[in-house]
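The first residue of the sequence shown is numbered 1, and numbering continues consecutively from there.
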Amino acid sequence: MRAPLSVIIPTLDAAEALPGCAAALFEGLEAGLVREVVISDGGSTDATRAVAGDLGALWVEGPASRGGQIRRGIAASEGEWLLLLHADTQLAPGWADVALRHLATGEAGYFRLSFARGGWRARTVAGWANVRSRYAGLPYGDQGLILPRRLLDEVGGVPDQPLMEDVALALALRGRLRALDAVAVTSPDRYET
């Protein structure tokens, strides 16, 4: 039986961040969880395509719009389960075992947010994001989202919008999102700027 999980990563000039994101996914490959990695690019002008090729990822491209890019990536993927992941996010060790157990739920799940660096401000933002996720059911895209394709289809898919597609999708999935006991470590660069 083929691995169930397709990883969808929207990119735009992500050559520097993509290797770290992909390296963290090897745990899922070794566990028989990850079937494929799909890079959905929005017009990169750096070496993102070459990096994706070196990683053996499937490449799709189109206009820059994170929601649209994720939709294109999903359309090109084959897994029954999807992991939507930002290129500047790395799943912390132990994520694959947690994800494998989560598959039995048939629900959507998200990881706890942490920042790669940043001191007390980053810890405060991550803490609030984790509280917001748990109690309001609104995880950020930086936290990663794992869900069955059939559930995504039920809620109408990923909204084709340039930003905040993660919030729109979380609202559509409200009541069907579970916090996973694993961490997504993301770059604080976008938050700092």
Are [X] and [Y] linked, directly or through other ILVMFWY residues, by side chains that come within less than 4.5 angstrom of each other?
| X | Y | result |
| --- | --- | --- |
| Leu163 | Leu84 | no |
| Leu151 | Leu180 | no |
| Leu29 | Leu100 | yes |
| Leu18 | Leu58 | no |
| Leu55 | Ile9 | yes |

### Message
Assess the residue pair Leu85 and Leu25 against the criterion (side chain to side chain contact (heavy atoms under 4.5 Å, CB included)); give the C-alpha distance rounded to whole Å, side-chain angles, the decisive distance to 0.1 Å, and a yes or no.
### Response
CA-CA 10 Å; Leu85 193 63; Leu25 296 174; 4.0 Å; yes
Salt bridge (Lys or Arg N to Asp or Glu O under 4.0 Å) filter on Arg35, not counting sequence neighbours, yields Glu78
Contacts of Glu80 meeting salt bridge (Lys or Arg N to Asp or Glu O under 4.0 Å) (sequence neighbours excluded), chain-then-number -> none
Restricting to non-hydrogen atoms, name the atom on [X] and the atom on [Y] that form the minimum distance, rounded to 0.1 Å.
| X | Y | answer |
| --- | --- | --- |
| Ala87 | Cys21 | O-CB, 3.2 Å |
| Val158 | Gly67 | CG1-O, 3.9 Å |
| Ala14 | Ser44 | N-OG, 4.3 Å |
| Ala184 | Leu91 | CB-CD2, 4.0 Å |

Expected list for residues 164-171: side-chain donor-acceptor pairs under 3.5 angstrom, two or more places apart:
residue, atom, partner, partner atom, Å
Glu165, OE1, Arg66, NE, 3.2
Glu165, OE2, Arg66, NE, 3.2
Asp166, OD2, Gly141, N, 2.6

Sorted by chain and residue number, the side-chain contact (heavy atoms from CB on, under 4.5 Å) partners of Ala57 (sequence neighbours excluded) come out as Val37, Ile39, Ala52
By side-chain contact (heavy atoms from CB on, under 4.5 Å), Ala96 pairs with (sequence neighbours left out) Glu27, Ala31, Leu33
Arg132 meets the side chain to side chain donor-acceptor pair (under 3.5 Å) criterion, sequence neighbours left out, with Tyr140
Taken in chain and number order and not counting sequence neighbours, the residues that satisfy side chain to side chain donor-acceptor pair (under 3.5 Å) with Arg71 are none
- Query: Side-chain contact, heavy-atom cut-off 4.5 Å: Thr48 with Trp59?
  - Reply: yes
key: Step-by-step side chain to side chain contact (heavy atoms under 4.5 Å, CB included) determination, Val185 to Thr89   = CA-CA 6 Å; Val185 181; Thr89 298; over 6 Å; no
Within the distance-only criterion (no hydrogens, no angle test), does the side chain of Gln69 pair as donor or acceptor with the backbone N or O of Thr11 below 3.5 angstrom? yes
Donor-acceptor contact below 3.5 Å, side chain Arg72 vs main chain Pro63
yes
Tell me, which pairs form a salt bridge (Lys or Arg N to Asp or Glu O under 4.0 Å) where one or both residues lie in [range], sequence neighbours left out?
| range | result |
| --- | --- |
| residues 36-64 | Arg49-Glu61 |
| residues 13-24 | none |
| residues 81-102 | Asp88-Arg190 |

Per side-chain contact (heavy atoms from CB on, under 4.5 Å), Ile74 is matched among Val60, Asp153, Val38, Leu82 by Leu82
With Leu145 as partner, the option from Ile8, Leu173, Leu152 fulfilling side-chain contact (heavy atoms from CB on, under 4.5 Å) is Leu173
Checklist line | Ring centre gap for Trp95 and His102 strictly below 6.0 Å | finding: no
In short, side-chain hydrogen bond (donor to acceptor under 3.5 Å, both in side chains) pairs touching residues 168-179 with sequence neighbours left out are Glu154-Arg176
What's the spacing between [X] [atom1] and [Y] [atom2] if we round to 0.5 Å?
| X | Y | atom1 | atom2 | result |
| --- | --- | --- | --- | --- |
| Ile146 | Leu103 | CD1 | CG | 5.5 Å |
| Leu12 | Ser65 | CG | OG | 11.0 Å |
| Ser77 | Leu83 | OG | CG | 11.0 Å |

Check: residues 106-114 side-chain donor-acceptor pairs under 3.5 Å, at least two apart:
residue, atom, partner, partner atom, Å
Tyr110, OH, Ser133, O, 3.2
Tyr110, OH, Arg134, N, 3.4
Arg112, NH1, Asp181, OD1, 2.9

